[in-house]
Each structure stands twice: as structure tokens, then as C-alpha cells.
Amino acid sequence: MAIIETEAALHEAHRDNHTHRDVNGGWLRPAVFGAMDGLVSNLALMTGVAGGAVSQQTIIVTGLVGLAAGAFSMAAGEYTSVASQRELVQAELDVERRELRKHPQDEERELAALYVSRGVEPDLAREVARQLSKDPEQALEIHAREELGIDPGDLPSPTVAAVSSFGSFALGALLPVLPYLLGATVLWPALLLAFVGLFACGAVVAKVTARSWWFSGLRQLALGGAAAGVTYVLGSLFGTAVG
């Protein structure tokens, strides 16, 4: 009895410690990319306009318009991209479904050969393929995973991707505008808040990807700062030329 309880406890501990992050969902990539893109693009846009020595009101309007335009653009792009990807996967699944219906024996032999190529003994591979092929939907799922590398039951949602992208872009793009909305009349408070946001975004991404948080934060800060610096110089040059 003590041995059984010990084994049960070890199994429970292994299950708790052997979990994985969701890498197939449709929300993580657009959310992370949207926040980064919103912050960097709107910061660069606003610094470029500020470099042209325009009024505070012009900078605010530019930031808000950039936020709205970028958020809608990101959402539309993500929805179209993920929907197209999903439709392509569904088309490939339909092809596999037809093959399973028309040539079940060939598909079963194909699955057995795949297991043999991975080191399973031929007789065992044929038996496993035979048993797995009894259920057409299960067979389709297995063929999709083995041949296409996808899980038919866990496809990304275009709506989730679009909403995640829209919200995260808007949140990131709001940071450089916020100081001006609160009454700032110079650029440096917007830069300071944006740089903090850039470092924080990089650090959060590191938590998801298991990279060093300070390296990821500094890398994102450097990239965003470079974009802001280049556009500020260009804005100054264009402002002087137009003026």
C-alpha cells in the first residue's frame, strides 16, 4: 500500500511539473507582435512629427490617428492571414479525408511505414496502424498530425487573432500618446514612458520564451530607440526642407 501511494504521489508530481505552454493558440503571437508594433510604430511616427517642430495638438492628433489606423490594419491583416491559413489547412484535411475514404488500405500501409521509419518493428507498426484506422475521424487526426504536422482540433481562430492584435496594438500605441493627453508639452515624457514600455514588453516576451529577461528587454529598447531616433532626424530634415 505504501509503495502504491508513493508511486501515485510521484505520478502526480510528474504531471504537475511536466506541463507545457500553449504554442498552438491563435492569441499569443498577434498579441505580442501587436503590442511591440503599436509601441514602436506610433513612437516612431510621433517622434518624426515632433522633429518637424509642429504644435502639441498636431502631435496628439498624429498619435491618436496612428493608433486607430494601425490597430484596425493589424486586426484586418491578422484576421485575413489566420483565416487563409485555416482555410488552407481545411482544404488539406479534405484531401486526406477523401484519400482515407477511397483508399483506406493504402493509407493504413502508409501509416504503418511511417511508424517503421521511426523505429517500430514492422509487425507491431502494421497492427498499430490497423487499430488506429478503425475510426475514420481518429485516422484523419493521426494522418494530419503525422503528415501535415497539425492538430485538426486546435486550429487558430481568426477572430481571436484579430481581437488580440487590435487590443494589444492599441495598448502599445497609447503609451507614447498618454503623456501628451495628460498635459505634457515636450517630447521627453512620451519617450520615457515608451522606453519603459519597450523594455517591459521585451521582458514579458522573455518570460514566455524562456530567454533572459534583461537581454530581451534591452534588445527591444534598442530597436525601438533606434527607430525613434531615425524618424526624429528625418522629421527634422523634412521640417527644415518644407519650412
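The residues of the chain are indexed from 1 along the displayed sequence.
Counting only distance, with no hydrogens or angles, the side chain of S216 and the backbone of S212 share no donor-acceptor pair below 3.5 Å. Checked by atom type and distance alone, the side chain of E141 never pairs as donor or acceptor with a backbone atom of P152 at under 3.5 Å. Looking at S168, its side chain does come within 3.5 Å of a backbone N or O of S164 through a donor-acceptor pair.
Cluster annotation: L140 and V89 are assigned to the same hydrophobic cluster (Ile/Leu/Val/Met/Phe/Trp/Tyr, side-chain heavy-atom contacts under 4.5 Å, transitive). Two different hydrophobic clusters hold L182 and L192 under the rule that ILVMFWY side chains link at heavy-atom gaps under 4.5 Å. In the hydrophobic clustering of ILVMFWY residues, with side-chain heavy atoms under 4.5 Å counting as a link, L181 and V186 come out apart. V196 and L221 are assigned to two separate hydrophobic clusters, defined by single-linkage of ILVMFWY side chains at heavy-atom distances under 4.5 Å. Put simply, M74 and L64 are part of two different groups of oily side chains (I, L, V, M, F, W, Y) that touch within less than 4.5 Å, one to the next.
Nearest heavy atom pair, residue A129 against residue E108, reads CB-O, 3.6 Å. Of all heavy-atom pairs between A227 and V40, the closest is CB-CG1, 4.0 Å. Taking all atoms of both residues into account, the shortest heavy-atom contact from A75 to F166 is CB-CB, 3.8 Å. Nearest heavy atoms, Y180 versus I60: CB-CG1, 3.6 Å. Contact between L93 and A144 at its shortest, heavy atoms only, is CD2-CB, 3.6 Å. Shortest non-hydrogen contact noted between A190 and P179 is CA-CG, 3.6 Å.
Atoms CZ and CD, from R97 and E99 in turn, are 12.5 Å apart once rounded to the nearest 0.5 Å. One finds the NE2 atom of H143 at 13.0 Å from the CD1 atom of I150 (value rounded to the nearest 0.5 Å). Going from atom CG of L223 over to atom CE of M36 covers 9.5 Å, rounded to the nearest 0.5 Å. With rounding to the nearest 0.5 Å, the separation of CG in L198 from CZ in R219 is 12.5 Å. Interatomic distance, CG of L187 versus CG of L43, reported as 8.0 Å (0.5 Å rounding). Rounded to the nearest 0.5 Å, atoms CG (L175) and CE (M46) are 10.5 Å apart.
Atom CZ of F199 has more than 12 neighbouring heavy atoms from other residues, nucleotides or ligands inside a 6.0 Å radius. Counting heavy atoms of neighbouring residues, nucleotides and ligands inside a 6.0 Å radius, atom CD of Q131 exceeds 12 of them.
The only member of N42, L67, L39 that meets side-chain contact (heavy atoms from CB on, under 4.5 Å) when paired with L174 is L67.
Under the 4.5 Å side-chain criterion, counting only non-hydrogen atoms from C-beta, L45 is not in contact with T231. You'll find the side chain of E146 reaches within 4.5 Å of the side chain of R118, heavy atoms only. Within the 4.5 Å cutoff, side-chain heavy atoms of L193 are placed close to those of L178. Between R126 and R130, every side-chain heavy-atom pair lies at or beyond the 4.5 Å cut-off. Counting heavy atoms from C-beta outward, L132 and Y115 have side chains that approach closer than 4.5 Å. Counting only heavy atoms from C-beta outward, the side chains of Q90 and E87 never approach each other to under 4.5 Å. Contact of the S73 side chain with the F169 side chain is not registered, since no non-hydrogen atoms from C-beta on lie closer than 4.5 Å.
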Problem set entry | Derivation and outcome, side chain to side chain contact (heavy atoms under 4.5 Å, CB included), residues V128 and V120 | CA-CA 10 Å; V128 170; V120 180; 5.6 Å; no

